[in-house]
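See structure below.
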Amino acid sequence: MKLKKKKVILGLFMILFIIAVGSAAYLNIKGKQEIQYLTYNQFLQQINRGNIDTLYLIDDAKLEGKLKNGEKFETDNPRTENFKEMLLKNNVKVEERNQNTTITSLLGIVGFVAIFGGMGIFLSRQSSQQASREISRMSNIDVSEQNQSAITFADVAGNAEAKESVADLVDFLRNPNKYSKYGARIPRGVILYGPPGTGKTLLAKALAGESGVPFYAVSGSDFVQIYAGLGAGRIRSLFKKAREEGKCVIFIDEIDALGKKRDGINGSDEADRTLNALLTEMSGFHDNDGIIVIAATNRLDILDEALLRPGRFDRQIEVGLPDLNARYEILKLHSSSKPLSEDIDLKALAQQTVYFSGARLENMLNEAAILAAKENSPQIELKHIDKAFYTVIAGEEKKDRSSISLMDKKITAYHEAGHALVTKLIAPEYKVSKVTIIPSTRGAGGFSMSIPPDRLYQTKREMICSIKIALAGRAAEQIVFGEDQITTGASNDIERATETLILMLRRFGMNNKAGLINYDVLQKGKTFSIERDILRESKRLMADLYHDTKDILQKNISVLEAFAQELLLKEILNEKEIDRLFKETIETAS
Ligand code: ADP
Ligand code: ZN
């Protein structure tokens, strides 16, 4: 009797299951039949012709949309910045959707889970495990696996430092035993960080290619929208597969989707569980497994510290935007297989593409090639490059190609030159190790200065110097471009200058008016009138220091000019170049 009941229920589930699978498959096929695939370039052509009605923006590898004639299409997600803006400017309707919003597939999956869950209760424990394995296999995360990546370091141009650090790992992957014999701890995880399109994925693939090991790629953002428990399961099965394979490179793009700093408010449980599964798997490696996990992110500072601890992602490598020379190398590499007209000067093109990532440069050359092909032109001409340039920067302010971002570039050059020059002039004992106008992940431009480290205390003079050095960026902007053109680029500088000055007054007793008083102690008695005096005094002092700084720069305006011009030309100056330039120009100036 009991047995019969069980059989009936089981039968019912089977019927339900068949209906669900059948209808899901039917809907799927029906959906698929109506969708045509457009390559990304065909898609762009359709935009140009004004044929696109709507694009459904989801965070997925493929995007769906509707043509004006009602037909549906699918295309690859370029994941470029300003993609939405480009669409909007071309009068394409954009609808943002969450992943899997097509109700049918949602229902289908819910149905699956319910049925498998139901079956699991009735069937033995073993088959329930099988069922959940099925679910995770059917869940829509694809591990794109490219057994034996054909990409090598020859495919990565520029980025010398990052390339070197990654190349270090090749030998680990080839001979993990060699290192474990010496008791050396083999790196398990590496984080590549930097703006999109700078070649992080490319570097990871090249590592696998050079080492002759398989390459597995997943994206962190694929995990966050998934149903409870599946993300962690997916990680476990990924690593299981990797371990069976032996040596390999596992690439996790957009790791920040999993490993954002936990603030307790926005944390998603699913991301947490997935992250924990990842960390557990990584600490389970044996030293001679020869598995290296490479993760990529646009920003290092938002990552959970748990990820960065020793034995996890303890190597962090910056992959920045290419400088002039690197852009030239990338252009050379990607045009090597294209018939370029002789009058195209790649050096000049590199000059004009400041702030372009490698992906953008590649994209631009590809667009130019398509234009040339469409016209049956025997070669890619300058006009094709010109046009492609605009396609690639579509959505940005339209300016003449040679002047695009030139103003930005110029202001940055004078700003950074100001910092460097004032350092050289007022604190010759400081080292200026690098000045650049290429933005880093830390913000626009860059300037690095080191104060002699083997000292216990900072003197009053040094603190004053560092305030003036910080103010020098803004001072240079104002002198050269005028009060109206000063920029937000000085924001961090002003913050640092204020911090230093306030410490001098409130804590270090370095100002006569403020006296030898610690104002933090005083404030416990809430003496606000004193605070007002401090504020007045620091404003006055800061104005004086700014005035001095401007004065210094004005007296050496020809040197500032020379520094800025050199920066505009080379984009990065190292310590030697700075020293040489300073010596030469100061001599001719005096
Ligand atoms: P990321 O992972 O940093 O977003 P990708 O590695 O996906 O960037 O780069 C996308 C494409 O851009 C690459 O496939 C390649 O064609 C081109 N590219 C980017 N950086 C470089 C580079 N340094 N050298 C050569 N090509 C590059
Ligand atoms: Zn600055």
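In what follows, every heavy atom counts, from backbone to side chain, and hydrogens, waters and symmetry copies are set aside. Read the numbers this way: they start at 1 and go in the same order the structure lists the ligands and their atoms.
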Inset, instruction - If you have a sec, read the angle at the Zn ion (ligand 2) from H419 atom NE2 over to H415 atom NE2, to 10 degrees. - result: 90°
Legend entry - Salt bridge D314-R188, side-chain N to carboxylate O under 4.0 Å: no
Legend entry - E571/R327 salt bridge by N-O under 4.0 Å criterion: yes
Legend entry - E254 versus S219, side-chain donor and acceptor atoms under 3.5 Å: yes
Legend entry - the Zn ion (ligand 2) reached by D493 (N, O or S, under 2.8 Å): yes
Inset, instruction - Compile the protein residues with any heavy atom at a distance under 4.0 Å from an atom of ligand 1; present them by chain, then by number. - result: D155, V156, A157, N159, P196, G197, T198, G199, K200, T201, L202, I330, L333, H334, G358, A359, E362
Legend entry - Ring-ring centroid check F313 Y193, cutoff 6.0 Å: no
Legend entry - Cation-pi geometry met for K347 and Y328 (6.0 Å, 45°): yes
Inset, instruction - Examine F251 together with Y216 and report whether their ring centres are nearer than 6.0 Å. - result: no
Inset, instruction - Decide, yes or no, whether a salt bridge links K241 with E281 under the criterion of side-chain N to carboxylate O below 4.0 Å. - result: no
